[in-house]
Amino acid sequence: MGTAEPRHRSDGELVSEALKGSQPAFGELVRRYQDLLYRHAERMTGRADDAEDVVQATFIKAHRSLRTCRNPDRVGAWLFRIGSNACKDFLKGRKRASISLDEVPELPAEHGNPDDSLERTRMRGEIDRALQRLAADQREAFLLKHVEGSSYDEMSQILGVSVPALKMRVHRAREELQVLLRAYER
């Protein structure tokens, strides 16, 4: 006889257990959502170190205010909203400094055509710089839609913003990115 596989607990069950003091239950919520929150924070802040700080702050705040989660079965959307707000707060407080070594594009890989790899690296850097110049709410909507592949309904649930407002944010982000990227071509 083999051992039974552990039962997959729902988000709601994990929240309920965490509210009763179960650290392993909250740890499971962290494991479920940390990658999504990190990817979003890294794209919003533009730096891995800053993204790690934002995600850590997100989970600390979530742990302290878990009782305020109105729908435990949708704790992922609740966590994302906390993380999104943490990104915006971070960006408001960040002072732009000179470029750090972390922001220097990576060298091209040794395989393949070095010129193509260098061009891709250059373009990626230009796109990242253009994204960082967007307003935080536009960048957030653009990334959710075009990088994470979220539907407008999902975005609305996560961010607590109407679908028409999100469509406008994404539209304005696309327009602004086109302008910014044309400027880099010159």
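Owing to the predicted nature of the structure, the values given are computational and were not obtained by experimental measurement. Values below: all heavy atoms of this structure, side chains included; hydrogens, waters and symmetry mates excluded.
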Calculate, to the nearest 0.5 Å, the distance between atoms [atom1] and [atom2] belonging to [X] and [Y] respectively.
| X | Y | atom1 | atom2 | answer |
| --- | --- | --- | --- | --- |
| Glu52 | Leu37 | CD | CG | 13.5 Å |
| Glu126 | Leu177 | CD | CG | 12.5 Å |
| Leu166 | Lys145 | CG | NZ | 10.0 Å |
| Phe59 | Leu29 | CZ | CG | 8.0 Å |
| Asp53 | Arg47 | CG | CZ | 9.5 Å |

So if you build clusters from Ile, Leu, Val, Met, Phe, Trp, Tyr with side-chain heavy-atom gaps below 4.5 Å, do [X] and [Y] land together?
| X | Y | result |
| --- | --- | --- |
| Leu159 | Phe90 | no |
| Leu144 | Leu91 | no |
| Leu143 | Val170 | no |
| Val30 | Leu19 | yes |

Partners passing side-chain hydrogen bond (donor to acceptor under 3.5 Å, both in side chains) against [X] (at least two apart in sequence or in another chain):
| X | result |
| --- | --- |
| Arg39 | Glu148 |
| Lys167 | none |
| Asp128 | Arg124 |

Which atom of [X] lies closest to which atom of [Y], heavy atoms considered:
| X | Y | answer |
| --- | --- | --- |
| Met155 | Ser150 | CG-CB, 3.7 Å |
| Leu181 | Ala130 | CD2-CB, 4.0 Å |
| Ala141 | Arg169 | CB-CB, 3.8 Å |

Carboxylate-amine/guanidinium proximity below 4.0 Å for Glu176 and Arg133: no

Pair Arg172 + Glu175, salt bridge at N-O below 4.0 Å: no

Could you pull out all residues at least two apart from [X] that satisfy salt bridge (Lys or Arg N to Asp or Glu O under 4.0 Å)?
| X | value |
| --- | --- |
| Lys61 | none |
| Arg174 | none |
| Glu42 | none |

Contacts of type side-chain contact (heavy atoms from CB on, under 4.5 Å), residue Asp153, not counting sequence neighbours: Ser151, Val163

Results of side-chain contact (heavy atoms from CB on, under 4.5 Å) for Ala41 - residues two or more places apart only: Ala51, Val54, Val55, Cys87

Where at least one partner belongs to residues 156-166, residue pairs that pass salt bridge (charged side-chain N to carboxylate O under 4.0 Å, His left out), sequence neighbours excluded: none

Please check this pair: side chain of [X] against backbone of [Y], looking for a donor-acceptor N/O pair closer than 3.5 Å.
| X | Y | answer |
| --- | --- | --- |
| Arg139 | Leu134 | yes |
| Gln132 | Arg43 | yes |
| Ser156 | Val161 | yes |
| Glu13 | Ser10 | yes |

Review item, side-chain donor-acceptor pairs of residues 66-83, under 3.5 Å, at least two apart:
from  : atom 1 : to     : atom 2 : distance (Å)
Thr68 : OG1    : Ser65  : O      : 2.6
Asn71 : OD1    : Asp73  : N      : 3.2
Asp73 : OD1    : Gly12  : N      : 3.4
Arg81 : NE     : Ile158 : O      : 2.9
Arg81 : NH2    : Gln157 : O      : 2.4
Arg81 : NH2    : Ile158 : O      : 3.3

Listed once per pair and sorted, the ring-ring contact (aromatic ring centres under 6.0 Å, His included) pairs that draw on residues 146-180, sequence neighbours left out: Phe142-His146

Qualifying side-chain hydrogen bond (donor to acceptor under 3.5 Å, both in side chains) pairs, either residue in residues 18-27, two or more places apart: Gln23-His63

